[in-house]
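Since the structure comes first, as structure tokens, the remarks are kept for the end.
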4 protein chains.
Amino acid sequence: MAQKTAPDSTRRSERSRRAIYDAALALVAEVGYAKLTIEAIAARAGVGKQTIYRWWPSKGAVLLDAFLDLGEQASRAASENAGKAEAETEIPNTGDLEADLKYVMRATVDEFNDAKYDAPYRALAAEGLLNPELGAEFVEKLLEPQLQLFVKRVEQAREAGHIMPHIDPRIALELWAGPLAQRWLMRSGPLTHDYVDTLVEYALYGITPRPASS
Amino acid sequence: MAQKTAPDSTRRSERSRRAIYDAALALVAEVGYAKLTIEAIAARAGVGKQTIYRWWPSKGAVLLDAFLDLGEQASRAASENAGKAEAETEIPNTGDLEADLKYVMRATVDEFNDAKYDAPYRALAAEGLLNPELGAEFVEKLLEPQLQLFVKRVEQAREAGHIMPHIDPRIALELWAGPLAQRWLMRSGPLTHDYVDTLVEYALYGITPRPASS
Amino acid sequence: MAQKTAPDSTRRSERSRRAIYDAALALVAEVGYAKLTIEAIAARAGVGKQTIYRWWPSKGAVLLDAFLDLGEQASRAASENAGKAEAETEIPNTGDLEADLKYVMRATVDEFNDAKYDAPYRALAAEGLLNPELGAEFVEKLLEPQLQLFVKRVEQAREAGHIMPHIDPRIALELWAGPLAQRWLMRSGPLTHDYVDTLVEYALYGITPRPASS
Amino acid sequence: MAQKTAPDSTRRSERSRRAIYDAALALVAEVGYAKLTIEAIAARAGVGKQTIYRWWPSKGAVLLDAFLDLGEQASRAASENAGKAEAETEIPNTGDLEADLKYVMRATVDEFNDAKYDAPYRALAAEGLLNPELGAEFVEKLLEPQLQLFVKRVEQAREAGHIMPHIDPRIALELWAGPLAQRWLMRSGPLTHDYVDTLVEYALYGITPRPASS
DNA sequence: ACTTAAACGAGACGGTACGTCGAGTCTTACC
DNA sequence: GGTAAGACTCGACGTACCGTCTCGTTTAAGT
């Protein structure tokens, strides 16, 4: 895991790291991931190229860290505002699973439609497809934590008897998360509130006829 | 659509086109999409670079055509074998929707696990994420045709009363196709027959408790 | 001797070669050999770096060719002016060896004191000291041809009985050429007409007392 | 001579200085002057880069000091061996100028042919060509002291009547020292005992015919 | 069958970015 | 305050490909 004489991270320049994150995020939004270059990041950040190569193995890795840092900053800011530290870190539980899922899915759709998040997130996903190491990190640090929120909420619903006991929550959540991801990434259809509402309904109640419903 | 003095496609060298497809597919499997270069394709194909630039705008476009051609060859070969021309071009309808879907999904899983298809397909998906034009072509020529097979089968089921009448087939199919795509692309979980079986069951019957079923 | 798939010199761009020569000579005069970079030559010449690397192995080799070309141009210009094609290509023979040598040596001193020639010539000499390949080429193409002019003149003098028969002309000429080169390169003393006059006298007649001379 | 807040040389680490000299001489022999780097010297010497930059302005200056130190060590060692302290610091005077010069010139040839001295000496000469400051120091500290030995011996010969009174010893010595230096540096001819013998003879007696010799 | 213009192979060209190396400066911890 | 260590900015290295541009040389359509 250590390359040739790993650098001493205690002497690392915090100032440079921040500047690199800012430059990477700004540039990926401006020119797109394909035209994002390490030279440009270094130049924009006022940093030597070697400082980037010393700490990251690829532009994808830089962008992933930058994006993770962006998330941390956001959640740190959120924590400070309200007293509730769980801001955005938990799916609400009003007792009505369908309503709660729709609420979160609509918010997710809005986020995917926000250019600020779309560019880097999409770039990381694309890079992850081709680069297994980065893909694994992407899944572990970005995707899975978000999916685990659904797992938790589905488990709560199961305990309340709203979900059948034999259902695997980790698979269940993919019924709505998978289609959303696919439409977003592939642009294979419009991303609307109606769409995710429908997704949640189909997933919860199935698409085959039920006997006596009410 | 025509660049400067569009080339005369009637005089196009079939031999070169084939050589380029072969080279592109071979190279993407050998070195991966990121390290695939037009120079290498030209060299491997014994072709001038200009011959590639004359007919395609990017390496992604070359690979897409090469992959489409691969599919055409495969289906042409299949047609010749059996008398049934619809080989692989239709989902079976035994009257049992669940069984038919599971059958097709298991076959799809097997295909995704086949390295021969995985490398170029994954590369095209990744490129499509970042390049909207190529993404649109990818969806139109590769993804949507496959999804339409599900649409057709779901409509048949609806007519047979096995699916509720208000269900939108185009959305319904995403309940199982979306999760499968996500797991494959993101490597966010294992791709097994059991997994897709579960997916189909959850999608058909929902995850919430049903009243007296039988 | 041939590197990897030697380039086809028939397709070489004459325009680029000239631009590279001009840029190299201009830059070495401006910033000195140590700060001369291939990137700067390429930029100044409006040429891709690869075009330099394709045809020359090092900046020293570029400069050597540029300087040789400069000499060829000069002698070609000289040839066109006067009818005598041997302009500068031969040492005069007035019958008076001492006078003829002094004449040529004074001209050489003037040339060494001319900044236009000093910078590249000195750079090439320095590079040749450390790089045997380039040094050999420097000697063969620049130094030796000039020394051979002296060899020829000394041989003429020997035939006329002005030089002792057992004298080796190739060594004899070093008596005045060697000290001049050393003073010029090492800056170990002033380079004046008087100095070379003295050199010629000492070399011709020796430094030990002669018996009754006249 | 003093940069910004000149370092206090009384606190200088003798151990480091020695290690730097050793490393510089070893490396220049191993990889050549062009590939000699300050980083490598520091690493080999087990010394911080700053310690080198604090005391020397360039790699050439380091090497010059290292080479001078080498000479001092050698002469100090020689002094301890024999009682005669002037070992190697004076040209013998047997009364036969020709023999004495040939003796010293042959020894010089042997030294130039010794790889141990050739590499650093040649490197310093080359650097001195391009860098006037270092060149001046090279001449003053290395070249001129050696030439002065010849000046002294020629003056002795003049006093003995073996050299004509009007001869300038400083110029006379260049008749044999210049050609030798040129052949060595430029590799423009073989460096043998015969060659320097011839040089001395030509220089002493001239190349033109003498009346009645004996 | 002959002509002729376009496609072709080859590859040199002006560029951009790569990932590495070393220069010279600066900071940290130690002695 | 000198030192070992090494991270920093900067600039150049030599390489790999990009996409464009000639060069002859096939090659296939139209005469």
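All chains are named by letter (A, B, ...) in the order of the sequence lines, taking the proteins before the strands, and each is independently numbered beginning at 1. This structure is a prediction, so every number in the text was calculated from the model and none was measured. Only heavy atoms go into these numbers, but all of them, side chains included; no hydrogens, no water, no symmetry mates.
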Could you go through nucleotides 4-7 of chain F and list every protein N or O atom that sits under 3.5 Å from one of its N or O atoms, giving the distance for each pair?
from	atom 1	to	atom 2	distance (Å)
dA4(F)	OP1	S16(D)	OG	3.1
dA4(F)	OP2	G48(D)	N	3.3
dA4(F)	OP2	T51(D)	OG1	2.8
dA5(F)	N3	R11(A)	NH1	3.4
dA7(F)	OP1	D8(A)	N	2.9

Report task. By nearest nucleotide on DNA chain E, pick out whichever of A40(A) and A40(D) is the more 5' one. Result -> A40(A)
Report task. Among I41(A), D65(A), L68(A), L63(A), find the residue that satisfies the side chain to side chain contact (heavy atoms under 4.5 Å, CB included) test when tested with Y21(A). Result -> D65(A)
Query raised in the report: Can you check the K59(B) NZ to dG19(F) P distance for me, whole Å?
Result: 10 Å
Query - Nearest-Å distance for atom pair CD1/P, residues I52(A) and dC8(F) - result: 11 Å
Query raised in the report: Of all of residues 17-35 of chain B, which get a heavy atom below 4.0 angstrom from DNA chain F, listed by number?
Result: none
Query - Gap between atom CZ of R44(A) and atom CD of E39(A) - 0.5 Å precision - result: 14.5 Å
**Report entry** T10(B) vs E14(A), nearer the 5' end of DNA chain F by closest nucleotide
**Finding:** E14(A)
Output a table of donor-acceptor pairs, distance under 3.5 Å, between side-chain atoms of residues 129-137 of chain D and any protein atom two or more places apart or on a different chain; print 'none' if there are none.
from	atom 1	to	atom 2	distance (Å)
N131(D)	OD1	E133(D)	N	3.2
N131(D)	OD1	L134(D)	N	3.2
E137(D)	OE2	K141(D)	NZ	2.7

Query raised in the report: Given L142(C) and L64(C), is the side-chain contact (heavy atoms from CB on, under 4.5 Å) satisfied, shown in steps?
Result: CA-CA 9 Å; L142(C) 272 176; L64(C) 177 54; 3.9 Å; yes
Query raised in the report: Between W56(D) and R12(D), is there a cation-pi geometry (under 6.0 Å to ring centre, at most 45° from the normal)?
Result: yes
Query raised in the report: For the atom pair CD1 (I38(A)) and NZ (K49(A)), what is the distance rounded to the nearest 0.5 Å?
Result: 8.5 Å
**Report entry** Distance in angstrom units between I38(B) CD1 and dG9(E) P, rounded
**Finding:** 14 Å
Query raised in the report: For W56(B) and dG19(F), what is the distance between atoms CH2 and P respectively, to the nearest whole Å?
Result: 15 Å
Query raised in the report: So, do F67(A) and F138(A) have ring centers that fall under 6.0 Å from each other?
Result: no
Report task. For R15(D), look at atom CZ and say whether over 12 heavy atoms of other residues, nucleotides or ligands are found less than 6.0 Å away. Result -> no
